[in-house]
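These notes are about the structure you will find just below.
Letters A, B, ... are given to chains in the order of the sequence lines, protein chains preceding strands, and every chain is numbered from 1. Heavy atoms only: backbone and side chains are in, while hydrogens, waters and symmetry mates are out.
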Number of protein chains: 2
Amino acid sequence: MFKIGDFSKLSRVSVKMLRHYDQLGLLKPAYVDPFSEYRYYSADQLPRLNRILALKDLGLTLEQIARVLDENISGEQLRGMLTLKRAEIEQQVRAELNRLARIETRLRQIEGEGTLPAHDIVLRTVPAQLVAGLRQSIEADSAVAPLFDELETYVARHKARAARAPLLLCHESEHRARLDLEVVVPLTNAIPASARVTVYELPGIEAACIVFTGPYDVRMAEAAAALFRWADAHAYQAAGPTREVFLRFGADDLGFPLPAAYLTHEPAAYVTELQLPLRRAPARQA
Amino acid sequence: MFKIGDFSKLSRVSVKMLRHYDQLGLLKPAYVDPFSEYRYYSADQLPRLNRILALKDLGLTLEQIARVLDENISGEQLRGMLTLKRAEIEQQVRAELNRLARIETRLRQIEGEGTLPAHDIVLRTVPAQLVAGLRQSIEADSAVAPLFDELETYVARHKARAARAPLLLCHESEHRARLDLEVVVPLTNAIPASARVTVYELPGIEAACIVFTGPYDVRMAEAAAALFRWADAHAYQAAGPTREVFLRFGADDLGFPLPAAYLTHEPAAYVTELQLPLRRAPARQA
DNA sequence: CTTGACTCTCCCCTTGTGGGAAGGTGTATG
DNA sequence: CATACACCTTCCCACAAGGGGAGAGTCAAG
């Protein structure tokens, strides 16, 4: 019988781990002195320890290994466990490769600009929400505010304004001279539509997002362009109209229940989130 | 100003994480009520939070992110961090791909045999050690015991026997009719060589190992064959003679300082580790 | 018998996040 | 204005797979 230190040298497994495996019931010592509590291992416990190491090497958790070893799992079940584990690892490898691509993008940005870019693109899931929308083709950005006024007034009359940020959908129109825009506000419950206002559930999306601080000037267009470049570089396609979410904006208080935190009179303090809905682009080459 | 719950909804970051980031100094609330200790966030903290999420997405730890954000790191340093992180992730991806290959091997074994194979192959590093060796070309396994007797006696006379397991090196000889074997015992310190005994440092290796319980019969040859198949399947080459380490074996007590745990009189209780030194095989195809 | 090398248990640390308890606040409604 | 209820606070525990160390007990050799 080996004391734990000798068995540790024999097996190249640390004393800490041997004690840990004992505690988990993975590998009980062949004998424990009842007075000194010393653990004594026998050489023929090495195959079991090796099996533990081999299974650990495949990525199984110690708990799973205990099940495999002690509940003499059938070959079928074991195959299922390994197949599942393989799927998990494949998933993880894909995630790591994506991460590598993002790091590459960042590195190129730093090469080009000498530092971090002004905007950070974040991939996130945006939940679906019930909204009222008012869509119109307009000529200039300045025509947006009256649309919001009209929509907010309509929604306020039905007392259905949810205390979340309003947004703007930039529909793609073929004739680019005019902008095909839809102003949207979230609702607490369904209300009747009107000739101009539609009520529907805005779908949840996966989106690349940029949060943008400051007035609606050329830098916002740059941010939007950066979103499209990013999507392209990471093999995504747009999956719906771009969304501009007005997290803090300038408006007279119309009496709707938005906390004051949403409002400011300082254009430099405006906060807008650009969301580009995404879907995986078809692979370009194998 | 938003209370933490509202800011959490706005940013889709859990309240728990916001508090955690506050505690780490990553994102302090814009204002903390001195009486209620309530945290209040401003919408224009969203860009910083987004930067945090973006950097986290690249795999940086929260501590690294704090350094990037607060010690306004130069582009050069940032590039270094990302390059390092990229190397780490590439390393990890390689490890995961290896793991996938091992899982595939296991799955095929289970398909073929219906259950886990009798032996578990473990990859480990074996440290270098000072040894005495006695090499001879012999005809049958039964001739090994006298060689060990001779070597142990020689080493015991110099009082240099280390309390580690003896081993056998199976040198590859061209004429396979005879076996070119070398018996080896570990030393505590250098001793003079003799006409038959050499003293040298047995090199450390990376090896695929199988621990094998029982007498030295045909199953051991199968285990050795399994090692070679495994090495081939994982694109490794042998890098030196196969080693058989006698972790528990039958021998009369010759007076050398091996703990009794190394010895048994029961062949079924023998424990032997087969080690196949490895080196990466050249890739077969791109 | 002493000494030094081992070993024991117990506790804290890692990372990023979730869960929950006990107790204090803010606010909308009756 | 009282009260209910949603929300907030801090503090503690948990995860996986161990590492590090303290304080106390044990083993073996000289």
Round to a whole Å and report the spacing from [atom1] of [X] to [atom2] of [N].
X	N	atom1	atom2	value
B:Lys16	C:dT15	NZ	P	19 Å
B:Phe2	D:dC8	CZ	C1'	17 Å
B:Leu18	C:dT17	CG	C1'	12 Å
A:Met1	C:dT7	CE	C1'	16 Å
A:Asp22	D:dG18	CG	C1'	15 Å
A:Leu27	D:dG18	CG	P	13 Å
B:Ile52	C:dT17	CD1	P	11 Å
B:Leu53	C:dG16	CG	P	13 Å

Per [X] side chain, nearest of listed nucleotides [options]:
X	options	value
A:Ser36	D:dC27, C:dT17, C:dG26	D:dC27
B:Tyr38	C:dT25, C:dC10, C:dT7	C:dT25
B:Met17	D:dC27, D:dG18, C:dT17	C:dT17
A:Glu37	D:dA16, D:dC27, C:dT9	C:dT9

State plainly whether the residues [X] and [Y] are in salt-bridge range, i.e. N to O under 4.0 Å.
X	Y	value
B:Asp70	B:Arg48	yes
B:Glu96	A:Arg94	no
A:Asp57	B:Arg102	yes
B:Glu104	A:Arg79	no

inquiry  = Heavy-atom nearest nucleotide on DNA chain C for B:Thr61 versus B:Arg19: which residue maps closer to 5'?
reply    = B:Thr61

task = Between B:Glu63 and B:Tyr40, just flag the one whose closest nucleotide in DNA chain C comes earlier from the 5' side.
result = B:Glu63

Donor-acceptor pair under 3.5 Å, B:Lys3 side chain vs C:dG26 base = no

task = Ignoring hydrogens and angles, answer whether the base of C:dG16 and the side-chain atoms of B:Lys56 contain a donor-acceptor pair closer than 3.5 Å.
result = no

ask   = Using a cut-off of 4.0 Å on non-hydrogen atoms, how would the nucleic acid contact of B:Tyr21 be classed: base, sugar-phosphate, or nothing?
value = sugar-phosphate

query = Looking across every strand, which nucleic acid part, if any, lies under 4.0 Å from B:Arg39 by heavy atom: base, sugar-phosphate, or nothing?
reply = sugar-phosphate

task = Nearest-nucleotide wise, let me know which of A:Phe35 and A:His20 is further upstream toward the 5' end of DNA chain D.
result = A:His20

ask   = Under 4.0 Å: is that the gap between some side-chain N or O of A:Ser14 and OP1 or OP2 of D:dG19?
value = yes

inquiry  = Suppose we call two aromatic rings close when their centres sit under 6.0 Å apart. Are A:Phe148 and A:Phe246 close by that rule?
reply    = yes

